[in-house]
Amino acid sequence: MAIKYDERNRTLTLHTAKTTYQMLIDAFGKVYHLYYGRRIDDVSLASQYVLTDCGFSPNSFENRSHRDVSPDILPQEYAATFSGDYRVSALDLITSEGIMGADLRYLRHEIREGKYALPGLPAAFAGEEKVQTLSLTLHDAATGLEVELLYGVFEASDMLTRAAVFRNAGDSQITLKRALSLCLDIPFGTWELLHFHGRHCMERTAERVPLMHGIQTVSSSRGASSHHHNPFVVLLEEGANEVQGTCLGIMPVYSGNHRTDVEVDQAGSLRVVSGINHEAFSWQLLPGETFFAPEVILCYTGDGLESLSHHYHDFLEQHVIRSLWRDRKRPLILNSWEGMNFDFDTAKVIAFAEEAAQLGIELVVLDDGWFGIRNDDNTGLGDWYANESKLPGGLGPISDAIHGLGMQFGLWFEPEMVNEDSELYRAHPQWALTVPGRPPTMSRNQLALDMGRKDVVDHLYRVMADLIQENHIDYIKWDLNRNLGDLYSHALSPHRQGETAHRHMLGVYDLMERLTRDFPEVLFEGCAGGGGRFDAGMLYYMPQIWCSDDTDAIERLSIQQGTSVGYPLSTVGAHLSACPNQQTGRNTSYFTRAAVAMHGTFGYELDPSHFTEAEKQEIREEIAWYHQLYPLLHEGRLHRLTSLEMREDFTAWEVARRDGSEALVTFVVTRTRANDHGYHVRLRGLAPKARYRIAQAEFEGGRLPREDYLGRQELDALIFTGESLMYAGFTLPPLKGDYPAAQLLFERIP
Ligand code: DGJ
């Protein structure tokens, strides 16, 4: 039994394979959080807590003569404002009578087989695994609010999910001002925060910081999970690193305004609250109404960051991504964006596709510019019909030509947006989010549609579904190129305007749900000006997400490495583009660019008609190498061999088969230096006693190091054992040139 209620001790305990989570219900119905950590069987963990009478930390009424029992000090399972707990709270509200906050007490609990679902929201599903749900309901007598805390216990996967449901069981109107999904108290230990910040073209850069007394916040109020602050955060106990130490991951399954606050309180204890960002948020709950807060996926491990990453990778692939494409080999894509931009017509696209077919490309994507009057990024969004001046006869001739060449056809959309200069906006100005009497904030000269409106979502569904059917579309790139600015819905009453951003997100999910349900064969790739919406919520609908608009191989090292902490390689949209790179002007070799891009979905983003014959031959060889490596890259485990913060002069990634039979190690040198001593790494995930050799070594320009090792041995003659590679390590001789790379395939000797 993964979930146990001990009536004598009044404890509720959740067990996964290696973790335990425990709560205590006291005599007055207060629910305390006792523990989340390494698995401990069959014992109450209440005795960890010493009662202290701490000045200015109040008591509940029942405990007025027990001054050492304070909600301000003891760990709470779910904390609300105005309850005697001054730490950061998960719930804040006001009723129509003006009552604020809540004093939440135990009402009931229920243990259910299977995994709970959240209507209208993405959430993990059980799949093949046996999962239990704990429903724990608290209530506040003064307001009539019920808060149902949901816990999904994935015992075999060793993961927990949490969510919260708010029900107005009283007679007054309740306005939720903050309705978070998670409150987690961590009473002991010294912790650090790992978060993933960035900007457009610099997403998910890992930063590890100490915690201060007070509150540190990772959040977005941009209407998308954002380039700037990914919703995923990790707490690491001091000293934890890739291979050892305690790590606790918090991954909201939400793509809109999110917020995670981490507070270190007067006692040095930690509280984490996470969910929808309450900035510019409120939600009216009339009597009888219910509000669902999104899910948060929790992972605890005592075995270091790599173990945490592997837990999340497996969990997202098995319990969050639903697409049929999760288990299928993804097509090798050529995308038109960097190669042609807005400058194409039918003949050019067909010529582009013909070149692609010769190289071995499997799917051609026509990116931005095919619709409405769209010759640059100022007009046309919303007019989802083919631009007849560029594409006479519509998309049909292109789709037919691409399919005729034996490839698949993909198309770009930006459904949630509209340009003022478009037929759609002229017909329905009220469909855009704009504040009456105030000029809208502009971004890329476009406005956001009010996706909270059913008529908008219905319209978009119809238009997109027709295009998919009529043109035999195999793939959709779903882009989003601005953040929300003017949170005012012309369809909502004044007192409901605080609901606009979340309703917008629910509408986006609704459209995605309908299209992915009705067109399960279509491969959807998420995108938001690169990776501005790379989160677990999106992955529920789309198995891959364009990781960044920065396609420079060297910039991609930190972007893809930061992304890899939470998200598996199979989700990371990565293409090889032309040099000098469009974003940085940097030159790197094809080999280096391919080596980085294949740690993702791999594809191309350039105009192949510019290639010389020699380049075409190089690309074909690269593609053959990629196909050879595909099963390893997609079924293996990623090991980050160099530091997350990129402290070395090179970055090394290993992808090893789970049985240790094979491992690819990729080195990319970010700073070549004179008199270098080579690049030393310790591999991981191998069988210690097995013998290994280098089955294949691919180098920049094909130069194999010759007799570079002590004893004058040659690289391809070296014999290792798993333990020699993992404990002593392997050293690659120094490489020369700008940003050189090497890839070595280690193979177990039978
Ligand atoms: C941003 C995307 O990330 C790019 O790949 C491209 O699709 C452009 N938008 C098109 O406008």
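The figures here come from the full heavy-atom set of this structure, side chains too, leaving out hydrogens, waters and symmetry mates. Quick caveat, the model's predicted, so the values are computed rather than measured. Just so you know, ligand 1 is whichever comes first in the structure, and atom 1 is the first atom listed for that ligand.
Within the 4.0 Å heavy-atom criterion, neither part of His200 lies near ligand 1.
Taking a cutoff of 4.0 Å between a charged side-chain nitrogen and a carboxylate oxygen, Glu525 and Arg330 do not qualify as a salt bridge. Between Arg462 and Asp466 no salt bridge is recorded (no basic side-chain N to carboxylate O distance below 4.0 Å). The existence of a salt bridge linking Arg444 and Asp368 is confirmed by a sub-4.0 Å separation between a basic side-chain nitrogen and an acidic carboxylate oxygen.
Aromatic ring centroids of Tyr385 and Trp370 lie 6.0 Å or more apart.
Under a 4.0 Å criterion applied to the non-hydrogen atoms of Arg444, ligand 1 contributes the atoms 10 (C), 11 (O). If you number the atoms of ligand 1 from 1 as listed, the ones under 4.0 Å from a heavy atom of Cys527 come out as 2 (C), 3 (O). When each atom of ligand 1 is checked for a heavy atom of Trp546 under 4.0 Å away, the hits are 3 (O), 5 (O).
Checked against a 3.5 angstrom limit, the closest N/O atoms of Glu605 and ligand 1 fall outside it.
Note on ligand 1: Lys477 sits in its first shell, one or more heavy atoms being nearer than 4.0 Å. In this structure, Glu525 falls outside the shell of residues with a heavy atom less than 4.0 angstrom from ligand 1.
None of Thr516, Ile321, Val320 except one satisfies the side chain to side chain contact (heavy atoms under 4.5 Å, CB included) rule with Tyr541; the exception is Thr516. Exactly one residue among Ile619, Ile333, Asn335 makes a side chain to side chain contact (heavy atoms under 4.5 Å, CB included) with Tyr604. That residue is Ile619.
A donor and an acceptor atom, one from each side chain of Asn581 and Thr551, are located under 3.5 Å apart. In the model, Trp653 has a side-chain atom that pairs as donor or acceptor with a side-chain atom of Gln561 under 3.5 Å.
Between Leu381, Asp377, Asp550, Asp549, it is Asp549 that holds the heavy atom closest to atom 4 (C) of ligand 1.
In terms of protein heavy-atom proximity, atom 9 (N) of ligand 1 is nearest to Asp479 OD2, 2.7 Å. When hydrogens are left out, the protein atom nearest atom 7 (O) of ligand 1 is Asp367 OD1, 2.6 Å; that is the closest non-hydrogen contact. For atom 11 (O) of ligand 1, the nearest protein heavy atom (residue, atom name, distance) is Asp368 OD2, 2.6 Å.
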